[in-house]
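Working notes for the structure below.
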Amino acid sequence: MKETIYSRNAVYETLRARRRQPFAIEIAEGVKEKGRLNEIIQLAKERKIPVKRVPRGRLEHLKANHQGISLEASGYPYADLTEIFELAEERKEPLFVLLLDSLNDPQNFGTLLRTAEVVGIHGIVIPLARTVGVTPAVVNASSGASEHLLVAQANLSQAITALKEAGAWIIGLEGSGQAQGPENVRLDGAIGLVVGSEGEGMRPLTIKSCDILMKLPMKGKIESLNAAVAGSVALYLAHLARSK
């Protein structure tokens, strides 16, 4: 299956990661070859990827902010849980995994992937159905961070069981009264952090599978943060705890 990746950072990181087979690059006529675009052209030359100048209207079918460039490449290379576990062992670090329970918005998913990559997560697990996958829109929203990450599609309940068997503590991000503040949750060991969907949060079965629920303290007047922001804050709290 082929996909069309668009926007400069997304195309650049896809080429740099070398996890997909690139087929061709199209650049809108009139776009100046400087900055990130020049770096993309250099990578294309090194790998002998065809680069073609096209009328800007040819890229409008993408219906997105393509920034005058697109890359035709093979589909996203999903990983499996074993690869995630092996990466943690290779780095000699306690497991650090993000699990997304039915997240549906590409922008939120992309934001979480970008944060996850920055904090050094070992992998992300998404359900097999009723969730957004790593689409070109998600690659763009993550600024290409998705291309450097291990994202696994799995039965979430089975993945949680596997993480527990590997010694991970499953922490669900939740705003209910039974949830603990981060000061009462250990985030420095092997953990699987679960973030629910935008509207309904985690499913009841997922909540039951968690070892502990964590809520972020809030002093403002709004009721809550969205999934991407809350998940990103929680990821950074874990990153800080693991860095001590």
Side-chain angles (χ1 to χ4, degrees), residues 64 76 78-79 81 84 95-119 121-142 145-146 149-164 168-187 191-239:
Y76 186 75
Y78 287 99
L81 279 175
I84 294 174
L95 266 172
F96 189 14
V97 178
L98 173 65
L99 301 101
L100 303 178
D101 189 13
S102 304
L103 201 70
N104 290 301
D105 184 80
Q107 187 64 48
N108 283 341
F109 189 18
T111 297
L112 282 167
L113 289 177
R114 190 172 185 178
T115 304
E117 202 283 325
V118 169
V119 301
I121 206 148
H122 299 125
I124 298 94
V125 180
I126 62 175
L128 293 167
R130 298 186 298 278
T131 187
V132 64
V134 185
T135 63
V138 169
V139 179
N140 177 53
S142 74
S146 57
L149 290 164
L150 297 178
V151 180
Q153 293 177 307
N155 177 288
L156 213 60
S157 178
Q158 293 176 2
I160 287 173
T161 297
L163 285 166
K164 287 183 176 182
W169 189 247
I170 307 301
I171 303 167
L173 199 57
E174 171 76 4
S176 65
Q178 59 182 318
Q180 301 290 314
E183 69 278 4
N184 297 319
V185 181
R186 286 204 60 175
L187 296 167
I191 64 169
L193 177 68
V194 188
V195 176
S197 67
E198 295 86 355
E200 300 178 358
M202 291 182 290
R203 291 171 294 175
L205 180 60
T206 305
I207 291 175
K208 290 180 181 179
S209 299
C210 294
D211 293 305
I212 191 168
L213 300 178
M214 183 178 78
K215 62 182 176 182
L216 300 176
M218 285 177 256
K219 293 186 177 181
K221 295 180 180 180
I222 63 170
E223 293 184 1
S224 64
L225 299 171
N226 77 4
V229 175
S232 293
V233 171
L235 285 169
Y236 259 100
L237 288 174
H239 171 59

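The first residue of the sequence shown is numbered 1, and numbering continues consecutively from there. The figures here come from the full heavy-atom set of this structure, side chains too, leaving out hydrogens, waters and symmetry mates.
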Donor-acceptor pair, side chain of [X] and main chain of [Y], under 3.5 angstrom:
X	Y	answer
Thr131	Leu103	yes
Tyr76	Ser146	yes
Asp101	Arg203	yes

Open item on the list: Run the side-chain hydrogen bond (donor to acceptor under 3.5 Å, both in side chains) test against Ser102 and tell me which residues pass, sequence neighbours left out.
Closed with: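 Here no residue qualifies.
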Task: Glu200, CD atom: more than 12 neighbouring heavy atoms under 6.0 Å - done: no
Looking at [X] and [Y], what are the two nearest heavy atoms and their distance?
X	Y	value
Leu95	Ala168	CD1-CB, 4.5 Å
Thr115	Leu235	CG2-CD1, 4.0 Å
Pro106	Ala141	O-CB, 3.8 Å
Gly181	Met214	C-CG, 4.4 Å
Ser209	Lys164	O-NZ, 2.6 Å
Val134	Tyr78	N-OH, 2.9 Å

Task: Of Leu100, Val97, Leu150, Val194, the residue whose pairing with Val125 passes side chain to side chain contact (heavy atoms under 4.5 Å, CB included) - done: Val97
Task: Residue from Asp211, Leu187, Leu213, Leu99 passing side chain to side chain contact (heavy atoms under 4.5 Å, CB included) with Ile171 - done: Leu187
Distance check, rounded to the nearest 0.5 Å: [X] atom [atom1] versus [Y] atom [atom2]?
X	Y	atom1	atom2	answer
Glu117	Leu149	CD	CG	5.5 Å
Ile170	Ile212	CD1	CD1	12.0 Å
Leu193	Trp169	CG	CH2	14.0 Å
Gln107	Asn226	CD	CG	10.0 Å

Heavy-atom check, side chain of [X] versus side chain of [Y], under 4.5 Å:
X	Y	value
Ser232	Leu112	yes
Phe109	Thr135	no
Arg130	Ser197	no

TODO: Given side-chain contact (heavy atoms from CB on, under 4.5 Å), test Leu237 with Leu216 step by step and report yes or no.
DONE: CA-CA 10 Å; Leu237 288 174; Leu216 300 176; 3.9 Å; yes
Task: Test side-chain contact (heavy atoms from CB on, under 4.5 Å) applied to Cys210 and Glu174, step by step - done: CA-CA 11 Å; Cys210 294; Glu174 171 76 4; over 6 Å; no
Which side-chain N or O atoms in residues 151-162 pair as donor and acceptor under 3.5 Å with protein atoms at least two apart or in another chain?
{"residue": "Asn155", "atom": "OD1", "partner": "Ser157", "partner atom": "N", "Å": "3.1"}
{"residue": "Asn155", "atom": "OD1", "partner": "Gln158", "partner atom": "N", "Å": "2.9"}
{"residue": "Thr161", "atom": "OG1", "partner": "Ser157", "partner atom": "O", "Å": "3.1"}

